[in-house]
Amino acid sequence: MSNKILVAYASRTGSTEGVAQAIGKVLVECGTEVDVCEMQAVKDITPYQAVVAGSGIQGQQWLPEAMQFIRTHKAALASKPFAAFLVCMTLAMRNGEKYRTHVAEWLAPVRVLVRPISEGLFAGALDISQVPSGSHLSHAEGRRCY
Ligand SMILES: Cc1cc2nc3c(=O)[nH]c(=O)nc-3n(C[C@H](O)[C@H](O)[C@H](O)COP(=O)(O)O)c2cc1C
């Protein structure tokens, strides 16, 4: 096993990628070797000494590919330090901080699979021009209907 830390992210419009890069930068400044990668590009996490994984929130949930990442790597994640984070607009709202306890529960499905040693809740950004037209509706409604 290397001394590297993996920072894996799932992002639709870039803000979670930005948070992941910022986390990676801090870890590098602390003297750690870090890979910052999109979750879907990660095949094997066994070489890493620790993993930080985060997703943008849609419909009060991690993105589907982020949950799939946890399911796929559940056993390996459980055997090493694992931290989870989310990025959402609720915390970017005025008075958003008062919703932190509520927002923290959006990580509950992750905790059920693998208990993180640390959790991060970050304010995101929403550039509506970056959201694929119509796809957000079918995505969100698909979750409710099926
Ligand atoms: C279709 C859609 C659904 C969203 N649902 C929520 C939500 O339920 N709660 C919330 O706080 N933010 C929600 N957001 C805001 C995103 O979580 C926020 O813009 C985040 O920064 C996006 O991360 P990304 O740029 O990495 O994709 C939603 C955004 C979109 C486009």
Side-chain angles (χ1 to χ4, degrees), residues 4-30 32-74 76-78 80-146:
K4 268 190 179 180
I5 295 178
L6 172 66
V7 181
Y9 64 87
S11 181
R12 290 286 161 80
T13 56
S15 51
T16 307
E17 178 179 0
V19 171
Q21 296 289 358
I23 292 170
K25 187 165 175 282
V26 170
L27 292 170
V28 167
E29 285 166 3
C30 291
T32 319
E33 273 192 84
V34 180
D35 285 338
V36 180
C37 300
E38 194 169 20
M39 281 179 188
Q40 284 167 308
V42 177
K43 300 290 172 242
D44 183 12
I45 67 164
T46 53
Y48 295 99
Q49 59 145 325
V51 175
V52 180
S55 173
I57 289 291
Q58 288 199 359
Q60 306 193 358
Q61 300 178 57
W62 262 21
L63 292 168
E65 61 268 32
M67 288 308 300
Q68 187 55 51
F69 176 87
I70 302 297
R71 283 191 289 271
T72 301
H73 300 289
K74 183 176 182 297
L77 285 170
K80 60 183 82 201
F82 161 58
F85 71 94
L86 62 74
V87 179
C88 72
M89 275 313 285
T90 300
L91 295 176
M93 295 185 328
R94 197 189 331 208
N95 298 327
E97 282 300 306
K98 73 180 182 191
Y99 299 106
R100 276 188 93 77
T101 307
H102 175 70
V103 165
E105 283 317 295
W106 298 346
L107 286 173
V110 178
R111 278 179 224 132
V112 167
L113 294 169
V114 188
R115 188 102 197 161
I117 57 165
S118 177
E119 296 180 3
L121 310 174
F122 298 100
L126 185 59
D127 177 355
I128 209 74
S129 70
Q130 298 274 319
V131 178
S133 139
S135 66
H136 62 293
L137 293 178
S138 56
H139 187 66
E141 286 177 4
R143 279 213 192 90
R144 274 201 293 274
C145 296
Y146 300 107

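When a ligand or atom number is given, it counts from 1 through the structure's own listing order.
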In Å, rounded to the nearest 0.5 Å, how long is the span from CD1 of I70 to CH2 of W62? 4.0 Å

Ligand 1 atoms in contact with V87 (distance to a heavy atom under 4.0 Å): 17 (O), 20 (C), 21 (O)

Please work out whether the ring planes of H73 and F69 are parallel, tilted or perpendicular, with thresholds of 30° and 60°. tilted

Going by the order shown, which atoms of ligand 1 are within less than 4.0 Å of some heavy atom of Q60? 7 (C), 8 (O)

So for A92 against ligand 1, with non-hydrogen atoms under 4.0 Å, the contacting part is neither

Mind checking the CD1-OH spacing from I5 to Y48? Nearest 0.5 Å is all I need. 11.0 Å

Got a sec, which residues hit side chain to side chain contact (heavy atoms under 4.5 Å, CB included) with T72, two or more places apart in sequence or on another chain? Q68

Does the N or O separation between G56 and ligand 1 drop below 3.5 Å for any pair? no

Residue R12 vicinity, atoms of ligand 1 by number, heavy atom under 4.0 Å: 24 (P), 26 (O), 27 (O)

For S11 and ligand 1, does the shortest N/O to N/O distance drop below 3.5 Å? yes

Within a distance under 4.0 Å of any heavy atom of G59, pick out the atoms of ligand 1 and give their elements. 3 (C), 4 (C), 5 (N), 6 (C), 7 (C), 8 (O)

Atoms in ligand 1 with a heavy atom of T90 nearer than 4.0 Å: 9 (N), 10 (C), 11 (O)

Between ligand 1 and M89, is the shortest N or O to N or O distance under 3.5 Å? yes

Among all residues two or more places apart in sequence or in another chain, which pass the salt bridge (charged side-chain N to carboxylate O under 4.0 Å, His left out) test with R111? E105, E119

Against heavy atoms of G124, which atoms of ligand 1 measure under 4.0 Å? 21 (O)

Nearest-0.5 Å distance that lies between atom CD1 in I23 and atom NZ in K25: 13.0 Å

Taking only non-hydrogen atoms of I57 and a 4.0 Å limit, the atoms of ligand 1 in range are 4 (C), 5 (N), 6 (C), 7 (C), 9 (N), 13 (C), 14 (N), 15 (C), 16 (C), 17 (O), 28 (C)

Report yes or no: does a heavy atom of W106 sit under 4.0 Å from some atom of ligand 1? yes

V51 backbone acceptor or donor facing K80 side chain under 3.5 Å: no

Gap between atom CG of L121 and atom CD of E97 - 0.5 Å precision: 8.5 Å

Looking at ligand 1, does any of its N/O atoms fall within less than 3.5 Å of an N/O of S15? yes

Quick check for you: to the nearest 0.5 Å, what is the distance between Q61 atom CD and C88 atom SG? 13.5 Å

Within the 4.0 Å heavy-atom shell around T16, which atoms of ligand 1 are there? 23 (O), 24 (P), 26 (O)

